[in-house]
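Order of appearance sets the numbers: ligands from 1, and atoms from 1 within every ligand. What you see below is based on every heavy atom in this structure, not just the backbone, and it leaves out hydrogens, waters and symmetry mates.
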Amino acid sequence: MVTAEFYRWGNLGVVLALQALRKTYPGFSLELSLSLPQGQTLALLGPSGSGKSTVLRLIAGLETPDSGSIRMGERDLLALPPEKRRVGMLFQDFALFPHLDVYENIAFGLREAGWPAEAIRRRVGLLLEQTHLTPHARKRPHLLSGGERQRVALARAMAPGPDLLLLDEPLGALDRRLREALILELRALLAGGGPTAVVVTHDQQEAFLLADQVAVMREGRLAQVGSPEALYHRPADAWVARFLGHRNLLTPEQAERLGLPPRAHLLPSAALGVGEGAGARVLERLFLGERTGYWLDWQGLRLYHETPDGRWREGETLPLSLDLGRAVPLEGA
Ligand code: ADP
Ligand code: MG
């Protein structure tokens, strides 16, 4: 895998800033402002169709915005054609050239940019080595495994030493086991001292593992931006909370019934425990391996709790303790 050291020269003092960026398609409109400090990774996290790829395509210059600005430091990217933006992009389906071998896929952008032959040879050689692709250099993409294809796409995106790396679902086309292995490699690459990067994903865990900042997108807008921990512990509203995987959300009426202020609340998992509390009837028991999940009926509320203790069966009563002091108030209903 390519090391952070290798990348450090590529991005000096550059900050990405999207200002009031707008793009409208029939039935869809995007409007957002975002900024990203140099060397940081931003994840665009949102459901399918929320506009994540569109943001990348606008930054890369594959689409033109209706209005707004995109700047990298002092440079106005919208005034530049895609090839002059110094942006490297890894596409959702990797989009490798099927008729070119691994070496030529990685070299492609360098040839286009007019790099001298010897510089191309050295650069591609280094990237092949660092992505463990040297033995595959002369294979065409159809002979590669999914993980190898992903590495080729990554090496190709990074080849010209772009100021900004755009990764669209970089692990999306891979099976789960492979994702788990590759995500840690990608994390190491993007971590401290690595390139400035925007990673698109619909997977919360991927966003949390890769990014310094996560921007949650919903229908072309930013629902919330923050560090993974801030987002998870303080989601702005019920939609974001649910999207991030929280299951215990209270409506204002339910909150009031429990003695909380009459607004929506999140009960984080730390607010629930097995203890001396009132009994909660097990509606559904989900054996997950390490842990067991329980859907519970507690005083007419449907709550979810996960614990390593799998002793309770459906219909039985689990002693649930609830710490309402940990409830997180949310915006909206
Ligand atoms: P995501 O990457 O979050 O899944 P996209 O950015 O690909 O979402 O798409 C957002 C919306 O914009 C979708 O409704 C999609 O159909 C629409 N869209 C994207 N590109 C185009 C296009 N070139 N022409 C028309 N509609 C488009
Ligand atoms: Mg997409």
Q: Is any N, O or S atom of S48 under 2.8 Å away from the Mg ion (ligand 2)?
A: no

Q: Would you please determine whether G46 falls within less than 4.0 Å of ligand 1 on a heavy-atom basis?
A: no

Q: Answer yes or no: are there more than 12 heavy-atom neighbours, outside Q205 itself, under 6.0 Å from its atom CD?
A: no

Q: Taking only heavy atoms of P47, which atoms of ligand 1 are found under 4.0 Å from at least one of them?
A: 3 (O)

Q: Suppose we measure from atom 17 (C) of ligand 1 to each protein heavy atom; which comes out shortest, and what is that distance?
A: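 For this ligand atom, the closest protein heavy atom is Y25 CD1, 3.7 Å.
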
Q: For ligand 1, which atoms, with element, lie under 4.0 Å from some heavy atom of G51?
A: 1 (P), 3 (O), 5 (P), 6 (O), 8 (O), 10 (C)

Q: Are the charged groups of E104 and R111 less than 4.0 angstrom apart, N to O?
A: yes

Q: Does the protein place any heavy atom closer than 4.0 Å to atom 15 (C) of ligand 1?
A: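 There is no protein heavy atom less than 4.0 Å from atom 15 (C) of ligand 1.
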
Q: Out of P26, G27, G49, S48, who is nearest to atom 10 (C) of ligand 1 when you count heavy atoms only?
A: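 The residue whose heavy atom sits nearest atom 10 (C) of ligand 1 is G49.
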
Q: In plain terms, say whether E118 and R122 are close enough for a salt bridge, that is, a side-chain N and a carboxylate O under 4.0 Å apart.
A: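 Judged by the 4.0 Å cut-off on N to carboxylate O distance, E118 and R122 do form a salt bridge.
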
Q: Looking at R311 and E316, is any side-chain nitrogen of the basic one under 4.0 Å from a carboxylate oxygen of the acidic one?
A: no

Q: Is K139 paired with E148 through a side-chain N to carboxylate O contact shorter than 4.0 Å?
A: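 No salt bridge links E148 with K139.
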
Q: Do me a favour and list the nearest non-hydrogen protein atom to atom 6 (O) of ligand 1 with residue, atom name and distance?
A: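 Result: T54 OG1, 2.5 Å.
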
Q: May I ask you to decide if the ring planes of F108 and F97 are parallel, tilted or perpendicular, using 30° and 60° as cut-offs?
A: tilted

Q: Quick one: do D66 and R22 make a salt bridge, cutoff under 4.0 Å?
A: no

Q: Give the atom numbers and elements of ligand 1 that come within less than 4.0 Å of a heavy atom of E63.
A: 23 (N)

Q: Just jot down the ligand 1 atoms closer than 4.0 angstrom to any heavy atom of S53, in number order.
A: 1 (P), 2 (O), 6 (O), 7 (O)

